[in-house]
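We count residues from 1, following the sequence as given. Values below: all heavy atoms of this structure, side chains included; hydrogens, waters and symmetry mates excluded.
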Amino acid sequence: MTENEIRSLFRSMKKLKAKREILEYLEKVDGEYDQICKILYVMENSLDILNANEREIIQMHLVEGDTWERVIIQYEERHGRQSGYSKRTYERMQQRSLKRLMEVLGNSEIESLLRTVSESFS
């Protein structure tokens, strides 16, 4: 998977979670539901390779869709102004995190599973 594909995948995470919850509520626990559960499981557990700061930045910027300005404000609110970084530093942290996620998600079997959702939710 490319960095852009992983970025798109994590941007679709909220939609996937919502769809999973809706299918579960409607008791439509079928193949689509199973596939969404597998994809979310892989995505959520792949974040474990990141440190807390990296996970937080991926969560705020990609999953929640916050702007970099909002990410900076939230980060500083949670960790104190002295712990804040420049916008470019946050971008580099995210890019480094995405490269590490690419290593984990690059397994061909996982990659094919994730590509299906990446294409349908982009």
Going from CG on Leu98 to CG on Leu62, what distance comes out if it is rounded to the nearest 0.5 angstrom? 6.0 Å
Can you check side chain to side chain contact (heavy atoms under 4.5 Å, CB included) on Gln94 and Glu54, steps first, answer last? CA-CA 7 Å; Gln94 178 177 284; Glu54 293 167 333; over 6 Å; no
Met93 and Tyr85: CA distance, side-chain angles, deciding distance, side chain to side chain contact (heavy atoms under 4.5 Å, CB included) verdict: CA-CA 10 Å; Met93 288 172 70; Tyr85 305 107; 4.0 Å; yes
Hey, is Arg70 close enough to Glu64 for a salt bridge, meaning N to O under 4.0 Å? no
Any chance you could measure Arg55, atom CZ, to Ile49, atom CD1, to the nearest 0.5 Å? 10.0 Å
Who passes side-chain contact (heavy atoms from CB on, under 4.5 Å) against Glu32, sequence neighbours left out? Lys19, Leu23, Asp30, Ile36
Exercise: identify the closest heavy-atom pair between Val63 and Lys14: O-CD, 3.1 Å
Enter the distance from Leu50:CG to Arg100:CZ here, rounded to the nearest 0.5 Å. 5.5 Å
Quick one: pull up NE2 in His79 and CD in Gln74 and give me the separation to the nearest 0.5 Å. 10.0 Å
How many angstroms lie between atom OG of Ser97 and atom CZ of Arg7, to the nearest 0.5 angstrom? 10.5 Å
Residues forming a side-chain contact (heavy atoms from CB on, under 4.5 Å) with Glu69, sequence neighbours excluded: Thr67, Lys87
Side chain to side chain contact (heavy atoms under 4.5 Å, CB included) between Trp68 and Ile73, intermediate numbers included: CA-CA 9 Å; Trp68 282 117; Ile73 290 167; over 6 Å; no
Please determine whether a side-chain nitrogen of the Lys or Arg among Glu21 and Lys17 lies less than 4.0 Å from a carboxylate oxygen of the Asp or Glu. no
Quick check on Glu27: does its CD atom have over 12 non-hydrogen neighbours (other residues, nucleotides or ligands) under 6.0 Å away? no
Just checking, any donor-acceptor pair under 3.5 angstrom between side chains of Glu24 and Tyr33? yes
When you check the side-chain N and O atoms of His61 and Glu91, is any donor under 3.5 Å from an acceptor? no
Are Ile22 and Ile39 in one and the same hydrophobic cluster, where Ile, Leu, Val, Met, Phe, Trp and Tyr link if side-chain heavy atoms are under 4.5 Å apart? no
Residue pair Met102 / Glu5, side-chain heavy-atom distance below 4.5 Å: no
Nearest 0.5 angstrom please: Asn45 CG to Leu105 CG, how far? 10.5 Å
Closest non-hydrogen atom pair, Met43 against Leu9: CE-O, 3.3 Å
